Amino acid sequence: MDELCRLDFDPEKLKLSPVFMNGKLQDYTDTPVDGPKIASMYGALRFPEMLPDRPYVFGAFVTSVDGCIVFEDNTEGPLVAQANKADPDGGLADFWILNLLRAACDGTIGGAPVHHAASATEEQFGVCLEGGGHLYDRDLEEYRSRSGRGRVPVSIITSLDGTDLSFEHPLLSGQSVVPV
């Protein structure tokens with residue numbers, strides 16, 4: 001596979017608008033990735049200065065109002081965003097923010113079960129997930145490449161003992177353009 005899956009992230013459709021902007025953000029100077037689409041949809045993506053002696057780790061997930069990140073009868077994470085009745089686009093704004101963070105990072109971390117879940121989610125919702133950290137927004141991938149970060153972040157797969165790894169999965173079988 002030499003081409004990644006893509007989704008249409010139309011800025012007009014997503015209508016992102018800040019609710020609160022912390023004044024401390026103005027003090028942050030590290031802008032790992034930048035471009036016109038980011039500026040128009042989000043503003044400046046700024047982080048505190050990276051320290052050379054430690055990794056900089058950030059996390060992102062979608063939660064429902066009651067704090068759920070998955071449902072008991074369906075543990076696929078994307079279901080929470082896609083089940084949002086107030087958002088006819090099924091959480092595309094949340095997913096775009098996740099892609100923005102992927103554009104800024106060096107690597108994504110996911111447990112081996114995530115890769116199994118991605119296959120089930122792909123079948124259920126008809127989207128191509130690959131279970132890796134690639135970018136579904138072509139513009140963000142271009143901005144990432146221009147910043148010297150490479151096309152996509154490295155996918156880091158964690159496992160307790162390796163027995164839950166799916167070596168048929170595109171990430172581990174060599175069928176993906178996502179580095180592992």
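Just so it is clear, the structure is predicted and the values come from calculations on it, not from any experiment. Heavy-atom basis, side chains included; hydrogens, waters and symmetry copies ignored.
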Do the non-hydrogen side-chain atoms of N99 and L7 ever get within less than 4.5 Å of each other?
no
Does V33 reach the side chain of L140, with side-chain heavy atoms less than 4.5 Å apart?
no
Ion pair R138/E142, N-O distance below 4.0 Å
no
Criterion side-chain contact (heavy atoms from CB on, under 4.5 Å) on I97 and L16, from CA distance to verdict:
CA-CA 10 Å; I97 294 293; L16 293 172; 4.1 Å; yes
Is it true that D137 and K37 have a side-chain N and a carboxylate O under 4.0 angstrom from each other?
yes
L160, CG: over 12 other non-hydrogen atoms inside 6.0 angstrom
no
Which atom pair, heavy atoms only, marks the closest approach of Y143 to P36?
OH-CD, 3.4 Å
How would you list all residue pairs meeting ring pair (Phe, Tyr, Trp, His ring centres under 6.0 Å) that involve residues 22-55, not counting sequence neighbours?
F47-Y56, F47-F58
Applying salt bridge (Lys or Arg N to Asp or Glu O under 4.0 Å) to R46 and not counting sequence neighbours gives none
M41 side, atom CE; E12 side, atom CD - distance, nearest 0.5 Å
9.5 Å
Please give me the minimum heavy-atom distance between D30 and P32, naming the atom from each residue.
O-CD, 3.4 Å
Which heavy atom of D161 sits nearest to which heavy atom of D164, and what is that distance?
OD1-N, 4.3 Å
First locate atom OG1 of T31, then atom CG of L45, and finally report the distance between them rounded to the nearest 0.5 Å.
7.0 Å
Would you say L98 and Y136 make side-chain contact, with heavy atoms under 4.5 Å?
no
Under a 4.5 Å side-chain heavy-atom rule over Ile, Leu, Val, Met, Phe, Trp and Tyr, are L100 and L25 clustered together?
no
Mind listing the closest non-hydrogen atom pair of P153 and L135 along with its distance?
CD-CD1, 4.3 Å
For G150, is there any backbone N or O sitting under 3.5 Å from a side-chain donor or acceptor partner on R144?
yes
Is it the case that the side chain of R102 and the backbone of V152 share a donor-acceptor pair, with hydrogens and angles ignored and the cut-off at 3.5 Å?
no
Considering all heavy atoms of both residues, which atom of S159 and which atom of T163 are nearest to each other, and what is their separation?
OG-N, 4.2 Å
